[in-house]
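Notes to accompany the following structure.
Indexing begins at 1, ligand by ligand and atom by atom, following the structure's order. We count residues from 1, following the sequence as given.
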Amino acid sequence: MITKVHGVCPHDCPDTCGLITEVENGRAIHLSGDPDHPITRGWLCAKVRPYLNHVYHPDRLTRPLRRVGPKGGGQWQPISWDEAISEIGQRWRAIIAEYGAEAILPYSYSGTLGMVQMGAASARLWNRMGASQLDRAICGAAAEFAVKKTLGKRYSQPYSHVQHSKLVIIWGHNPVSTAPHFMPFLREAQRNGTQLVVIDPRRTRTAVGADWHIAPKPATDGALALGLAHVIVNEGLHNEDWLNAYTVGWPELRARLADYPPERVADITGVAAADIVKLARLYAGTQPALIKIADGLQRNRVGGQTVRAICALPALTAQYGQRGGGLAYSTSGYVKWNGRALSHWQDTPPLGRVVNMNRLGAALLGEVADPPIQSLYVFGSNPVAIAPHAGKVITGLRREDLFTVVHELFMTDTAVYADIVLPATSQLEHADLHKAYGHTVLSYNAPAIAPLGEAKSNWDVMRLLAAEMGFTEAWLQQTADEVIAEVLAGTAEINPALQGITLERLKAEGSIPLHFVPETPFADLRFPTPSGKVELFSANMAEMGLDPLPGYTAAGDDGADEGQPLNGQFPPQQALNLISAAAHHFVTSTFANRADMLAREGEPFVEIHPDDAAARGIASGDSVVVENGRGCCELTAKVTDAVRPGVVASPKGRWGGGNGNGRTINHLTSDTLGDMAGQSTFHSNLVWIRRSNQ
Ligand SMILES: Nc1nc2c(c(=O)[nH]1)N[C@H]1C(S)=C(S)[C@@H](COP(=O)(O)OP(=O)(O)OC[C@H]3O[C@@H](n4cnc5c(=O)[nH]c(N)nc54)[C@H](O)[C@@H]3O)O[C@H]1N2
Ligand SMILES: Nc1nc2c(c(=O)[nH]1)N[C@H]1C(S)=C(S)[C@@H](COP(=O)(O)OP(=O)(O)OC[C@H]3O[C@@H](n4cnc5c(=O)[nH]c(N)nc54)[C@H](O)[C@@H]3O)O[C@H]1N2
Ligand code: SF4
Ligand SMILES: [Mo]
């Protein structure tokens with residue numbers, strides 16, 4: 001007999017697709033999209049369509065392992081769960097006695113976006129212990145901060161509203177790869193006459209389908225936005241009445257715009273002055289006009305200010321609150337899980353000190369000195385492959401006195417350095433609740449099959465660890481379903497959209513669309529900021545010592561963090577800016593160990609413009625060394641005008657094991673923090689490139 005089980009794609013992607021798994025004799029035999037899901041409508045991306053290759057991958061970890069040889073040496077001894085948990089408990093009790101619980105750092109991010117397996121699992125036990133808190137700033141912290149300071153909350157249009165847009169500007173975002181279920185709505189709008197402009201230093205898969213691709217220098221978009229604003233205001237195309245009624249700080253911003261005439265902005269951005277004028281007129285003259293951004297745009301040293309400047313444009317042209325207009329960023333602001341129910345912070349000791357996840361290597365190597373980090377517990381993340389300045393992360397993980405536990409499905413680049421490796425369940429093997437950041441459908445993921453081997457879910461391991469540590473609170477021992485029921489009820493108390501949505505209903509219906517009023521964000525022209533208006537000037541940011549107005553400064557990486565001398569080895573005039581954005585066939589490092597996806601993605605490569613390649617004697621197919629003061633990495637050159645001169649691009653997510661010299665592009669990236677909210681700065685990354693045999 002074949003049963004069909006409703007699930008949800010757990011990966012870091014705004015679409016959060018509904019899944020149907022067919023199970024026969026306890027084995028998943030077929031997986032497909034849920035045709036009843038109102039947004040994702042039965043189809044899955046190329047990565048997840050063959051998901052059973054992931055679930056039943058021959059390399060899945062199935063037993064707890066203890067390191068027997070040197071750190072990173074790859075020698076393991078299988079142990080029982082009882083042994084593993086009691087060894088972790090012993091080590092932690094000793095660490096807590098000597099250093100305090102803050103010497104323990106949990107590190108997790110986006111292996112799953114589930115409320116239980118990531119939300120509750122990254123909070124409850126750790127808060128109860130008083131462990132160090134992780135500042136989860138690797139992805140979109142600056143944009144989130146900037147949007148909240150400007151508009152109050154992250155609200156976004158339903159994907160389908162793009163049918164009302166006459167013009168769409170996709171700005172530093174590549175939805176063909178990273179939000180594929182937006183595309184059918186966009187394509188339909190394009191067929192009906194919607195114009196599409198893509199702004200990206202690379203000709204991405206999304207740019208290929210645009211009417212106009214504009215390729216600025218990386219991290220100069222703030223200047224570009226202010227330049228557009230300059231032209232719009234200069235030509236009287238802005239809406240003065242709207243600005244006076246619904247914004248704070250318009251006179252101050254207006255004064256600043258004088259600094260951004262098209263000629264100066266052309267120098268900064270590398271976009272011709274005539275194109276800046278043309279785009280400004282197009283944007284102000286074609287309404288409703290939607291600007292759609294995501295997070296790649298702001299992973300640089302000025303990402304927060306970039307997003308602030310872009311947020312000003314829909315205000316100038318009165319596009320906020322217009323159906324098909326305004327800003328599309330994220331729907332995350334519609335549903336916030338009730339924090340009391342999710343994390344039980346009210347029942348725990350004061351929260352521990354905060355460690356920024358972008359500075360993991362530095363933290364392990366003593367930046368966080370009192371108490372020093374003595375134990376790292378990694379789950380749902382692969383920091384050696386995904387965190388900046390990988391060389392530093394690895395040096396930290398090699399510390400003999402560091403006790404590292406990694407809970408994983410696979411022996412990742414990070415798990416290799418563990419003292420204890422624990423086997424994790426896949427999404428088909430555990431229960432969870434999912435909201436999305438691209439839409440507002442709530443979905444339940446029912447376990448379809450039993451855990452493979454001895455694998456356990458994140459939450460079930462937290463329960464074992466809590467018991468081992470002697471914590472007796474009931475909220476540390478609930479089942480996943482009990483956590484879901486508690487958080488749903490708690491969230492309904494603070495959010496009317498969740499009223500009447502119970503675990504039972506979710507189990508019966510699978511996915512439930514939530515409805516918010518007004519459907520078009522800010523259609524009531526009420527902005528949940530302190531002033532109730534669009535805060536072009538943010539008094540709150542001024543109090544924090546930040547520039548209270550949107551502005552632009554140069555990003556300023558020199559390829560040599562911490563003052564290592566570059567010894568003339570890397571002449572500044574030959575520097576190239578390396579962008580490492582999403583790979584089409586991986587989700588960051590997830591799936592980068594799958595033969596089917598690796599075959600589609602090809603060998604690890606770097607794209608370089610023909611002029612830059614010629615200047616270095618590089619031809620397509622050459623093996624090249626990409627290097628800077630932080631590290632190096634060997635890749636295959638792809639000579640192409642898909643990147644602008646001065647820019648090179650290599651997708652994120654490769655595992656070191658798959659690369660020539662065992663290193664990834666994150667050996668080159670900087671762990672310097674951005675201008676807001678401790679943001680990662682992967683794309684502020686100067687590198688030098690030469691042929692490998694030179
Ligand atoms: N296939 C796939 N899908 C994914 C992911 C993945 O790894 N693979 N990752 C998921 C995650 S974790 C996230 S956060 C989202 C991210 O979603 P996106 O933000 O859409 O993805 P990115 O590829 O990181 O960045 C988008 C684009 O920003 C461009 N960019 C970089 N710097 C600049 C700049 O200074 N200016 C401008 N204008 N453009 C710039 C890059 O060239 C890239 O094409 O995608 C999610 N979806
Ligand atoms: N150079 C560069 N680096 C980047 C970026 C970039 O643009 N450029 N983007 C950054 C961004 S936006 C992000 S969000 C991060 C993402 O970085 P991560 O959050 O680390 O995401 P993944 O690489 O997908 O790794 C997730 C890991 O979790 C494991 N996993 C999946 N499900 C579970 C589970 O249920 N339990 C446990 N225990 N493990 C599980 C997977 O096997 C996988 O190894 O990467 C960042 N890194
Ligand atoms: S990665 Fe995104 S598009 Fe692919 S199945 Fe998951 S949610 Fe859907
Ligand atoms: Mo991300």
Proximity flag [X] to ligand 1, non-hydrogen atoms under 4.0 Å:
| X | result |
| --- | --- |
| R299 | yes |
| C139 | yes |
| K47 | yes |
| S110 | no |
| K652 | yes |

[atom] [closest protein heavy-atom partner, distance rounded to 0.1 Å]:
| atom | value |
| --- | --- |
| atom 35 (O) of ligand 1 | A219 N, 2.7 Å |
| atom 8 (Fe) of ligand 3 | C17 SG, 2.3 Å |
| atom 3 (N) of ligand 1 | S177 O, 3.3 Å |
| atom 15 (C) of ligand 1 | Y437 OH, 4.1 Å |
| atom 43 (C) of ligand 1 | D200 OD2, 3.3 Å |
| atom 40 (C) of ligand 1 | P201 CD, 3.5 Å |
| atom 45 (O) of ligand 1 | T178 CB, 3.3 Å |
| atom 5 (C) of ligand 1 | A582 CB, 3.9 Å |
| atom 1 (N) of ligand 1 | A583 O, 2.9 Å |
| atom 4 (Fe) of ligand 3 | C45 SG, 2.3 Å |
| atom 5 (S) of ligand 3 | V48 CB, 3.5 Å |
| atom 2 (Fe) of ligand 3 | C13 SG, 2.3 Å |

Establish, yes or no, whether a centroid distance under 6.0 Å links the rings of F682 and H389.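 So the answer is no for these two rings.
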Where the side chain of H181 meets the backbone of C45, is there a donor-acceptor pair that is under 3.5 Å apart?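 No; judged by distance alone, with no hydrogens or angles, the pair does not exist.
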Could you list the atoms of ligand 1 found under 4.0 angstrom from a heavy atom of [X]?
| X | value |
| --- | --- |
| I199 | 38 (N) |
| V587 | 6 (C), 7 (O), 8 (N) |
| H584 | 1 (N) |
| T588 | 6 (C), 7 (O), 12 (S) |
| D295 | 19 (O) |
| A581 | 22 (P), 23 (O), 41 (C), 43 (C) |
| D221 | 34 (C), 35 (O), 36 (N), 37 (C), 38 (N) |
| T204 | 44 (O) |

With the threshold set at 4.0 Å, does a side-chain nitrogen-carboxylate oxygen contact exist between R301 and D675?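 No salt bridge links R301 with D675.
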Strictly by modelled atom types, are [X] and [Y] linked by a side-chain donor-acceptor pair under 3.5 Å?
| X | Y | value |
| --- | --- | --- |
| S580 | K652 | no |
| N685 | R630 | yes |
| D221 | T306 | no |
| S110 | D12 | yes |
| N300 | T681 | no |
| S443 | H434 | no |
| D15 | T40 | no |
| Y329 | D295 | yes |
| H683 | N577 | no |
| D34 | H6 | yes |
| S589 | N382 | yes |

Say whether [X], considering both its backbone and side-chain N or O atoms, lies within less than 3.5 Å of an N or O atom on ligand 1.
| X | value |
| --- | --- |
| P175 | no |
| K217 | no |
| H585 | no |
| G172 | yes |

Do you see an N/O/S atom of C9, backbone or side chain, under 2.8 Å from atom 6 (Fe) of ligand 3?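 Yes, within the cut-off.
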Flag the pair R154 / Y334 as yes when at least one side-chain heavy-atom distance between them is below 4.5 Å, and no otherwise.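 No, too far: nothing below the 4.5 Å cut-off.
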Kindly indicate whether the side chain of T440, heavy atoms from C-beta on, has any atom under 4.5 Å from the side chain of V335.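 No, side chains not in contact.
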Region of [X] that comes within reach of ligand 1 [heavy atoms, distance under 4.0 Å]:
| X | value |
| --- | --- |
| A179 | neither |
| H173 | both |
| F586 | backbone |

Does ligand 3 have an atom under 4.0 Å from some heavy atom of T40?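 T40: no contact with ligand 3 (<4.0 Å).
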Identify the heavy atoms of D267 and K217 that sit nearest to each other, and give their distance.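 Here D267 and K217 meet closest at O-NZ, 3.5 Å.
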Ligand-residue contact atoms, ligand 3 with T16, heavy atoms, under 4.0 Å: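 The atoms of ligand 3 under 4.0 Å from a heavy atom of T16 are 7 (S).
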Between atom NZ of K148 and atom SG of C311, what is the distance when rounded to the nearest 0.5 Å?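 Separation between the atoms: 13.0 Å.
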If you take the nearest heavy atom of each of [options], which one is closest to [atom]?
| atom | options | result |
| --- | --- | --- |
| atom 3 (S) of ligand 3 | P180, A46, P10 | P180 |
| atom 12 (S) of ligand 1 | N300, V302, D12, I579 | D12 |
| atom 25 (O) of ligand 1 | G296, C13, A143, P218 | G296 |

Which label fits Y51 and F591: parallel for a plane angle under 30°, tilted from 30 to 60°, or perpendicular past 60°?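 The rings of Y51 and F591 stand perpendicular, inter-plane angle above 60°.
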Applying side-chain hydrogen bond (donor to acceptor under 3.5 Å, both in side chains) to D547 and Q305, what does each step give before you reach the verdict? CA-CA 8 Å; D547 186 348; Q305 279 294 59; 3.2 Å; yes
Using a 4.0 Å heavy-atom cut-off, say whether L19 meets ligand 3 through its side chain, its backbone, both or neither.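 No part of L19 is near ligand 3 at this cut-off.
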Assess the residue pair R60 and E429 against the criterion (salt bridge (Lys or Arg N to Asp or Glu O under 4.0 Å)); give the C-alpha distance rounded to whole Å, side-chain angles, the decisive distance to 0.1 Å, and a yes or no. CA-CA 13 Å; R60 277 285 301 273; E429 298 150 54; 2.9 Å; yes
Yes or no on side-chain hydrogen bond (donor to acceptor under 3.5 Å, both in side chains) for N358 and D671, after CA distance, side-chain angles and deciding distance? CA-CA 6 Å; N358 298 315; D671 64 356; over 6 Å; no
